[in-house]
Amino acid sequence: MKKSSFIIQGSQKVKTSIGDYKSVWSDLGVVSGYLDLITGTDINTLQKAIIEQSTHVAVITPFPTFKITDGMRFVHDNRYYTITYADDPVGQQHHMELYLTFGGTL
């Protein structure tokens, strides 16, 4: 598996000309790592409740210099994934595991 670069995006509420709000996504930074299906196949399986709806996992290394949280977006090859769970395994800031749900194409 080849290491790739990915864009992390955050959303911000912006007031429109008619007074309501819409979410606008903007790039927060670039990270590198590996992206894979959680199960190695495209068949859904039961997992821990925290990642039950996740379809993919990304392992980010080195540890990012900015904070990545649930609800942000992960972008790769014109596809975006919603981050369902951002984990720093054993709290050592060695790498991050991002559990993702495929959201669509840009």
Side-chain angles (χ1 to χ4, degrees):
M1 183 180 293
K2 181 181 169 191
K3 193 171 189 179
S4 299
S5 293
F6 311 104
I7 298 170
I8 302 296
Q9 294 183 328
S11 97
Q12 185 175 25
K13 300 281 185 203
V14 175
K15 194 171 189 175
T16 67
S17 60
I18 60 172
D20 62 345
Y21 290 87
K22 68 177 183 176
S23 291
V24 176
W25 292 94
S26 60
D27 295 354
L28 300 176
V30 176
V31 296
S32 61
Y34 306 91
L35 174 66
D36 201 4
L37 289 165
I38 284 186
T39 62
T41 73
D42 59 358
I43 299 170
N44 286 336
T45 61
L46 293 177
Q47 302 154 11
K48 295 179 185 176
I50 201 161
I51 57 169
E52 195 167 272
Q53 299 302 316
S54 301
T55 56
H56 293 74
V57 64
V59 176
I60 305 302
T61 180
F63 196 83
T65 57
F66 58 95
K67 187 171 182 164
I68 299 174
T69 61
D70 304 355
M72 290 180 169
R73 282 201 319 193
F74 178 94
V75 180
H76 180 62
D77 286 342
N78 265 356
R79 295 174 174 225
Y80 71 91
Y81 304 80
T82 301
I83 299 173
T84 56
Y85 184 62
D87 187 26
D88 172 10
V90 297
Q92 296 298 307
Q93 297 187 343
H94 176 267
H95 69 280
M96 283 196 83
E97 293 176 4
L98 303 178
Y99 292 90
L100 312 166
T101 300
F102 178 69
T105 56
L106 298 175

Q | Approximate separation, where rounding is to 0.5 Å, of Ile8 CD1 and Ile83 CD1 | A | 4.5 Å

Q: Please confirm whether the backbone N or O of Phe6 pairs with a side-chain atom of Ser32, one donor and one acceptor, at under 3.5 Å?
A: no

Q) How far apart are the closest heavy atoms of Pro62 and Lys3, and which atoms are they? A) CD-NZ, 4.3 Å

Q. Of the non-hydrogen atoms in Gln93 and Phe63, which two are nearest, and what is the gap between them?
A. O-CB, 3.2 Å

**Q.** Any side-chain heavy-atom pair of Ile60 and Phe74 under 4.5 Å
**A.** yes

Q.
Between Ile68 and Phe102, is there shared hydrophobic-cluster membership here, with clusters defined by ILVMFWY side-chain heavy atoms closer than 4.5 Å?
A. yes

Q) Any side-chain heavy atom of Ile38 sitting closer than 4.5 Å to one from Val57? A) yes

(Q) Please find the pair of heavy atoms, one from Asp70 and one from Ala86, that lie closest to each other, and give the distance. (A) OD1-N, 2.9 Å

Q) How many angstroms lie between atom NE2 of His56 and atom OG1 of Thr82, to the nearest 0.5 angstrom? A) 12.0 Å

**Q.** Gap separating the OH atom of Tyr81 from the OG1 atom of Thr55, nearest 0.5 angstrom
**A.** 7.5 Å

(Q) Check whether Tyr80 reaches the backbone of Gly103 with its side chain - one donor and one acceptor, N or O, closer than 3.5 Å. (A) yes

Q: Kindly determine whether Thr101 and Thr84 satisfy side chain to side chain donor-acceptor pair (under 3.5 Å), including the steps that lead there.
A: CA-CA 7 Å; Thr101 300; Thr84 56; 4.5 Å; no

Q.
Counting neighbours of CZ on Phe66 that are heavy atoms of other residues, nucleotides or ligands and sit closer than 6.0 Å, is the number greater than 12?
A. yes

Q. If two hydrophobic side chains count as joined below 4.5 Å and joins carry through other members, does Leu98 share a cluster with Met72?
A. yes

Q) Is it the case that one hydrophobic cluster holds both Leu106 and Ile7, taking links as side-chain heavy atoms less than 4.5 Å apart, direct or via other members? A) yes

Q | Ile18: side chain to side chain contact (heavy atoms under 4.5 Å, CB included) partners, not counting sequence neighbours | A | Thr16, Asp20

Q. Looking at OG of Ser23 and NZ of Lys13, how far apart are the two atoms once the value is rounded to the nearest 0.5 Å?
A. 3.0 Å

Q. Atom CZ in Arg73, atom OG in Ser26: separation rounded to 0.5 Å?
A. 10.0 Å

Q | Straight-line distance of Leu28 CG to Lys67 NZ, nearest 0.5 Å | A | 13.0 Å

